[in-house]
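Everything below concerns the one structure shown next.
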Amino acid sequence: MAAKYPVPSSDKILALSCTNVGVGPGGTTAMLARVSIVDYKGQVMLDTYVSPTMQVSDYRTATTGIESSHLLSPDTPAFTQVQQHVADLIKGKVLVGHSLWNDLSVLGIPHPAVATRDVALYQPFRNALRSPNQVIGLQTLMWHLMCRRCQDGQLHPVENARAALDLYRTVSSEWEGAIAIGNWPSCLPPSTFSRCYL
């Protein structure tokens, strides 16, 4: 029996992570400020700040490390330029990440659901931490499943992308084996983000 979905080769797998700043009243609405993409080996393919499209009301510097000088530099690329570059990079690829719906939402780029591997939604990870019905943070997943710290101090999207990728690689055979026979091993993302998936 042929596999329903063929196992992707390592050159077809990328990991994505974004860092956001706050816009609007109180800075509660997320806007893309930095995006990072790494390949299957963890090599950086893209790591860039993004010029804001709206007035930033909260740089969230304590957690993001981002300051106005990062985003307002004349060398910082425009959102549309970064968005197109990311769309070109991830087209036809399997995308690994943590809570990918947040990243895809701020990027404004939908991606085929079947071509996502979201460690926040992977049911065996949730079961291992006895939290089958809730999203577990990347820092918690890394500590409990790999005995490794991440996100100590400030968030760093390259580190986060590599961490999600490392988690995926530890179970990739099982994960891809389940998908190959049509047994999707992950929960669904929040329905309010369905527009982020094709």
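Fair warning: this is a prediction, and the values are worked out from it, not measured in the lab.
Looking at Thr116, its side chain never comes within 3.5 Å of a backbone N or O of Asp118 through a donor-acceptor pair. In this structure a side-chain-to-backbone donor-acceptor pair under 3.5 Å is present from Ser131 to Leu129. Listed for the Thr140 side chain is no donor-acceptor partner under 3.5 Å among the backbone atoms of Ile136. When atom types are taken as modelled, the side chain of Gln83 and the backbone of Leu107 share a donor-acceptor pair closer than 3.5 angstrom.
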Cut-off 3.5 Å, no hydrogens considered: what does the side-chain donor-acceptor table look like for residues 8-32, sequence neighbours left out?
{"unit_1": "Ser9", "atom_1": "OG", "unit_2": "Asp11", "atom_2": "OD1", "d": "2.3"}

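Rounding to the nearest 0.5 Å gives a distance of 11.0 Å between CZ of Phe125 and CG of Asn127. Here CG of Leu165 is found 4.5 Å from CZ of Arg169. Values are rounded to the nearest 0.5 Å. With values rounded to the nearest 0.5 angstrom, Met45 atom CE is found 6.5 Å from Lys93 atom NZ. Separation of atoms CG (Asp166) and CG (Leu141) is listed at 12.5 Å; rounding is to 0.5 Å. Rounding to the nearest 0.5 Å places NE2 of His111 at 5.0 Å from CD1 of Ile90. Rounding to the nearest 0.5 angstrom, the gap separating the NE2 atom in His85 from the OG1 atom in Thr80 is 13.5 Å.
Clustering ILVMFWY residues whenever any of their side-chain heavy atoms sit less than 4.5 angstrom apart, transitively, puts Ile109 in a cluster other than the one holding Val38. One hydrophobic cluster, built from ILVMFWY side chains closer than 4.5 Å, cannot hold both Leu145 and Leu121; they sit in different ones.
Nearest heavy-atom pair, Ser99 versus Val135, reported as atom, atom and distance to 0.1 Å: OG-CG1, 4.0 Å. Considering every non-hydrogen atom in both Ala33 and Leu71, the closest pair reads O-CD2, 3.4 Å. Here the closest heavy-atom approach between residue Asn102 and residue Phe193 is recorded as OD1-CZ, 3.9 Å. The heavy-atom pair separating Tyr168 from Glu176 by the smallest distance is OH-OE2, 2.6 Å. Taking every heavy atom of both residues into account, Val96 and Ala164 meet most closely at CG1-O, 3.7 Å. Scanning all heavy atoms of the two residues, the minimum distance from Gln123 to Cys187 falls at OE1-SG, 2.6 Å.
Ring planes of Trp175 and Tyr122: parallel class, angle under 30° (limits at 30 and 60°). The aromatic rings of Tyr49 and His70 sit parallel to each other, their planes meeting at less than 30°, with 60° as the upper class boundary.
The list of side chain to side chain donor-acceptor pair (under 3.5 Å) pairs with a residue in residues 177-198, not counting sequence neighbours, reads Ser105-Arg195.
Every residue meeting the side chain to side chain donor-acceptor pair (under 3.5 Å) condition with Asp47, not counting sequence neighbours, appears here in chain and number order: Arg34, Ser36.
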